[in-house]
2 protein chains.
Amino acid sequence: MTRHERRPSRPTQADIARLAGVSQPTVSLVLGGNKAGVALSDETRQRVLDAAESLGYVPDPIARRLSRRTNNLLGLYTFTATFPTDVQHSYYPFLVGVEEEAAAQGYDLLLFTSSGAYEGATDVLNRVRLADGCLFLGRHVPEKAMGRFLDDGYPLVYIGRHDELGERLPYVGADYVSASADVVRRLAELGHRHLAYVREKDDAPASADREAGLRSAVADTGVRADVVRTDGGDVDTARLRSWLADGVTAIVAEETDTDIAVTAVESAARAGGLRCPDDFSLALLGDRVGRSPGLPALSGFAIPRREMGRAAVRMLTGLIAGEPEARIRQILGCHPLAGETVGAPPRPPEH
Amino acid sequence: MTRHERRPSRPTQADIARLAGVSQPTVSLVLGGNKAGVALSDETRQRVLDAAESLGYVPDPIARRLSRRTNNLLGLYTFTATFPTDVQHSYYPFLVGVEEEAAAQGYDLLLFTSSGAYEGATDVLNRVRLADGCLFLGRHVPEKAMGRFLDDGYPLVYIGRHDELGERLPYVGADYVSASADVVRRLAELGHRHLAYVREKDDAPASADREAGLRSAVADTGVRADVVRTDGGDVDTARLRSWLADGVTAIVAEETDTDIAVTAVESAARAGGLRCPDDFSLALLGDRVGRSPGLPALSGFAIPRREMGRAAVRMLTGLIAGEPEARIRQILGCHPLAGETVGAPPRPPEH
DNA sequence: CTGAAAGCGCTTACAG
DNA sequence: CTGAAAGCGCTTACAG
């Protein structure tokens, strides 16, 4: 006897029970494979199975999940659109890894985005609780909401190193520190003595790690590096030329999901008719996903995004399973990309 | 008093009720916005809201779904991986549109894949019932499962035209028929009189529509078109040369998500040192998402994937809302792509 | 060996 | 104006 008007509805365990002449819990037992090992006559079992078959029974995942308190859903939260319109977006390789590993572990993926949502809305973030656990992808950490998740014991993993919550936040990061230092060392070996480092204005662990690596290599090699923070608009051809006039022979750019820094340098160079590595060397602290047609391959390093995605899923499912929280933070190595934009320093102009 | 061992768990309406000194259903009423317009004292309302706030209450989407029979989740089912490793995959633009419109309508996206799952497993498909409705993306229709969904009144929409279930399957397709006819007409206008049409071996509505368009234009213009079915392996340089020797001046290739046909032709041409449009014209019945670096832009037509994604979401949410099932099938127009691979026919070789 | 009960966390008539 | 009840469709102890 239902109370709502309902669409032609699927058979339930109750229907099967009625048809087989047993109780509904018995149906659940039989169809659940009887994991508890309860004694069941073969005859009853068969009657139930036949009834289920004849009715075309399909278990309702919602009800099952309510009683079992787990739903085999992994959330993926991106603070910008998961599928941005610039097709070559750097999230994609993470998604490849996340999907692969989630499928391998029998989880489905639930996509959440705060894009378009009002700022700081914790309700938006709370939607993720629908999933058994959630992956987060973004340059920053909304500390209040994440703190609450952690307090509640809600399983979550960040993709990207984050120390905003001290040691509490589980993450899978990449070794930007060593990889960035290597880039500078390669430039030093080629003979560059004076670099400009162009980075985004805002701070994030991903920025701090790159700059730390750069600084350590600068200290090791004795090259000079001027750090320039930009929001994109303030790097133009004139500025680029003034750096070169000051003796800068190589420009190192931070890589971020928006790639503001490197894009600004490239535009300024193109506008000024400057070419890499003839006029100056250009290195990226990272890589560009899906090279833009017409642009040369940037020298830099490859971030193991796919493997990071996989590792993050493994960490998350481990947390969900309540495994001993050993490897709660993980850093994967990057590998160098030779590219086409780095070479020996240009000969200084004659005076 | 719970019976299972539980992680530190979130507050429920029962907890709020206890704290506010009201019944649990009253809490539900207050938090649900009291749509029924039940009388409620402001004081009670406020006590409940305060208690919810102080406990950090978040409704359980699963429980809500069980009683409300809806959960603001839209499924997206892909029969291959949603994020294939070849970065430039044609699903991406669909996903952009789907995400945009889903976000605009307040739905989250639930990703399902049958990739890796055993063939024909209906259980795999049944997972989608967790969502309020589901989008399907794929060349083929598993008729039995889809028929059952339709019988049950489960809301679903295919992206791509499909008539495997007669008129029953809701879809958003693209007008491959007209667009394909236009491609042939443009070739005819350039002077081509003999084409080879290279298509996949297996049949699907997307194939049938392209071929229908091709044939209608062939009939109109009086050009000749030889239809060749390929699985990729059987189109090589020798075969390509023999077509040209027979007087074929333009090759038209079917576009599919795997792009077997066009890839085979391109490889054969490259291997034989043949160039387009100098040695022959090459047109695609569709477009290539994210042009492969180094390959020329193919002549063909653009499929409005993003808009198809958006339209499919709108159709699906309409179905979920039980709107009069008027626009249950929708075909969007494509627009021509000039590209670089089509030109006038080469001069016939001297004999 | 099998049935009846309680519970998962909500919503929605229905009494008072 | 508010509370108690029933129900969504399952699972899992617990009695017999």
Side-chain angles (χ1 to χ4, degrees), chain A residues 1-7 9-18 20-48 52 55-72 126 129-130 132, chain B residues 1-7 9-18 20-48 52 55-72 126-127 129-130 132 152:
Chain A
M1 211 80 337
T2 49
R3 292 193 293 172
H4 326 287
E5 223 46 55
R6 291 176 54 194
R7 25 180 110 250
S9 97
R10 300 179 288 132
T12 69
Q13 290 186 352
D15 298 323
I16 298 174
R18 218 167 295 131
V22 300
S23 72
Q24 173 267 318
T26 300
V27 174
S28 171
L29 212 59
V30 171
L31 298 180
N34 193 8
K35 318 242 174 184
V38 173
L40 273 175
S41 77
D42 268 5
E43 201 260 320
T44 304
R45 225 180 78 79
Q46 206 43 249
R47 271 215 319 281
V48 168
L55 290 175
Y57 173 75
V58 178
D60 181 337
I62 296 279
R64 176 177 272 171
R65 280 144 204 213
L66 183 58
S67 63
R68 262 209 211 133
R69 317 182 67 71
T70 163
N71 58 17
N72 281 297
N126 272 323
R129 305 193 100 122
L130 172 52
D132 287 344
Chain B
M1 213 80 335
T2 49
R3 292 192 290 173
H4 325 288
E5 223 46 57
R6 291 175 54 195
R7 32 179 104 250
S9 93
R10 301 180 289 129
T12 68
Q13 290 187 351
D15 297 322
I16 297 174
R18 218 167 295 129
V22 300
S23 72
Q24 175 267 316
T26 300
V27 173
S28 172
L29 210 60
V30 171
L31 298 181
N34 190 9
K35 320 242 174 184
V38 173
L40 270 176
S41 76
D42 268 6
E43 200 259 320
T44 305
R45 225 180 78 79
Q46 206 43 249
R47 270 213 321 281
V48 169
L55 290 175
Y57 172 76
V58 179
D60 181 334
I62 297 276
R64 179 177 268 172
R65 156 74 162 161
L66 184 59
S67 62
R68 248 206 222 146
R69 322 181 68 75
T70 163
N71 60 11
N72 281 295
N126 271 322
R127 289 179 302 162
R129 304 193 100 122
L130 176 52
D132 288 344
D152 291 351

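Counting non-hydrogen atoms under 4.0 angstrom, A/S41 reaches the backbone sugars and phosphates but no base.
Considering only the side chain of A/P25, D/dT11 comes nearest among D/dA4, C/dC10, D/dT11. Ranking D/dC8, D/dT11, C/dG3 by closeness to the B/L66 side chain, first place goes to D/dC8. When each of D/dG3, C/dG9, C/dG3 is scored by its nearest atom to the side-chain atoms of B/S67, the top-ranked nucleotide is C/dG9. Closest approach to the B/Q13 side chain among D/dT12, D/dC10, C/dC10 is made by C/dC10 (side chain taken as heavy atoms from C-beta onward).
Here the side chains of B/T12 and B/D60 are not in contact, with every heavy-atom distance at 4.5 Å or above.
Searching all strands for a Watson-Crick or G-U wobble partner of D/dG16 with both distances below 3.5 Å returns C/dC1.
Judged by closest nucleotide on DNA chain C, A/A63 is the one of B/V27 and A/A63 placed further toward the 5' end.
Contact between the side-chain N/O atoms of A/S28 and the OP1/OP2 oxygens of D/dT11 is found at a separation under 4.0 Å. Using a 4.0 Å cut-off, no side-chain N or O of B/R65 falls inside it from OP1 or OP2 of C/dC10. For B/Q24 and C/dT11, the shortest distance from a side-chain N or O to OP1 or OP2 is not below 4.0 Å. For the OP1/OP2 pair of C/dG3 and a distance below 4.0 Å, the side-chain nitrogens and oxygens of A/T26 include at least one atom meeting the criterion.
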